[in-house]
2 protein chains.
Amino acid sequence: MSTRIEQLCQDKGLKMTEQRRIIARVLSEATDHPDVEQVFRRAATLDPRISIATVYRTIRLFEEANIVEKHDFGDGRSRYEESGGRSHHHHLINLRTGEVIEFENDELELLKRKIAAQLGFELAGERLELYGVPLAEAAKKKDNGS
Amino acid sequence: MSTRIEQLCQDKGLKMTEQRRIIARVLSEATDHPDVEQVFRRAATLDPRISIATVYRTIRLFEEANIVEKHDFGDGRSRYEESGGRSHHHHLINLRTGEVIEFENDELELLKRKIAAQLGFELAGERLELYGVPLAEAAKKKDNGS
DNA sequence: GTATGTGCAAATGATTTGCGTGCTT
DNA sequence: AAGCACGCAAATCATTTGCACATAC
């Protein structure tokens, strides 16, 4: 009983192998949004007897089990993060630096559902990223609400 | 001077070849969100002396010139549509059927900008798709606003 | 013990690119 | 005429998969 992910795996009756444990740990500890290659490298550091194929397979497994979320930030590869690691949020990508900023917004959550409902759907998933340029490289002292 | 796209190409000083004209036309006339393969097939119908490599090159060219927008609806390939063809809109994908429904929502537009501004950014781009399941296969008679 | 997972390397699928030739300006 | 564009086929890149072996339950 270490990672929340390990728990979920057992709950779902998945075999808990050493490599899955490692990958679960890497994903749990990540504060960024690593791609498969990065997960692989971090995992290989903890245990070299791991192959990138397994990382792909495991991440896909976790994804299908809703244990991790897949993101696409525009570069070629897919990025991942533990679902529910923090509360529901979205990402804003700084186009100058590539930095990924997380945000959450209740109004937005309501609005998305409302829009889906108006179209006759129940919201089952979404993809939402904002891309922005700094308002003024120096004018960022307004986080308090100005 | 036929398509708006052709205009833009000339304005940008791009050579206007027959294949570019064809591809421009296909994209202009599309009411769906074709992938490269589909654009290729439609273009090849109009003029068989066109290769998929050219379609890739041309679509990428158009994309970089902000003439078309790229979308990713979850299946492997990228989908395209003419920018500004209609007003600014987003997409809701019906998870049951794969159908793509376009919608626009002013409240959402304002909210996105507001969120970006609060984080210290000017909104420069975004990616937003909703995925939904029909509320009830039959309860879709509510398009009028109920 | 048996089903399932893993490593490796080859396969795949979308997209890109080098090269020699053709067409637009 | 000169440069950019095209077609073709080979190359890339991320991701998937077949197969023989290893491991969790």
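These numbers come from a predicted model, not from an experiment.
Remark: D75(B) engages R77(B), R79(B) in a salt bridge (Lys or Arg N to Asp or Glu O under 4.0 Å) (not counting sequence neighbours). In this structure, E104(B) has no salt bridge (Lys or Arg N to Asp or Glu O under 4.0 Å) partners at least two apart in sequence or on a different chain. Taking K114(B) as the reference, E107(A) meet the salt bridge (Lys or Arg N to Asp or Glu O under 4.0 Å) condition, with sequence neighbours excluded. With sequence neighbours excluded, no residue forms a salt bridge (Lys or Arg N to Asp or Glu O under 4.0 Å) with E69(A). By the ring pair (Phe, Tyr, Trp, His ring centres under 6.0 Å) test, Y131(B) pairs with no residue at all, sequence neighbours left out. For D72(B), there are no side chain to side chain donor-acceptor pair (under 3.5 Å) partners two or more places apart in sequence or in a different chain.
Contact check for Y80(A) versus V39(A): no side-chain heavy atoms found under the 4.5 Å cut-off.
S78(A) places no side-chain N or O within donor-acceptor distance of the main-chain N or O of K70(A), the cut-off being under 3.5 Å.
Each end of the helix from dG1(C)-dC25(D) to dT25(C)-dA1(D) gets its own rotation axis from five pairs of C1' atoms, and the angle between them is 40° to the nearest 10 degrees.
Contact between A43(B) and I50(B) at its shortest, heavy atoms only, is CB-CD1, 3.9 Å. The minimum heavy-atom distance between S83(A) and N66(A), with the atom names listed, is OG-O, 3.1 Å.
Contact footprint of chain A on DNA chain D: nucleotides with an atom under 4.0 Å from a non-hydrogen protein atom, first to last in 5' to 3' order, dA14(D) to dC25(D).
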Using a 3.5 Å cut-off and no angle test, enumerate the donor-acceptor pairs between side-chain atoms of residues 52-63 of chain A and protein atoms at least two apart in sequence or in another chain.
{"residue": "T54(A)", "atom": "OG1", "partner": "S51(A)", "partner atom": "OG", "Å": "3.3"}
{"residue": "T58(A)", "atom": "OG1", "partner": "T54(A)", "partner atom": "O", "Å": "2.7"}
{"residue": "R60(A)", "atom": "NH1", "partner": "E64(A)", "partner atom": "OE2", "Å": "3.4"}

Solution key, residues 119-127 of chain A side-chain donor-acceptor pairs under 3.5 Å, sequence neighbours excluded:
{"residue": "E126(A)", "atom": "OE2", "partner": "H90(A)", "partner atom": "NE2", "Å": "3.1"}
{"residue": "E126(A)", "atom": "OE2", "partner": "K112(A)", "partner atom": "NZ", "Å": "2.0"}
{"residue": "R127(A)", "atom": "NE", "partner": "E129(B)", "partner atom": "OE1", "Å": "2.8"}

I need a per-nucleotide contact map over nucleotides 19-25 of chain C, read 5' to 3'. Cutoff is protein heavy atoms under 4.0 Å; write B for the base, S for backbone only, - otherwise. -----BS
Could you run down nucleotides 9-15 of chain C 5' to 3' and tag each one B, S or - for protein heavy-atom contact under 4.0 Å? B----SB
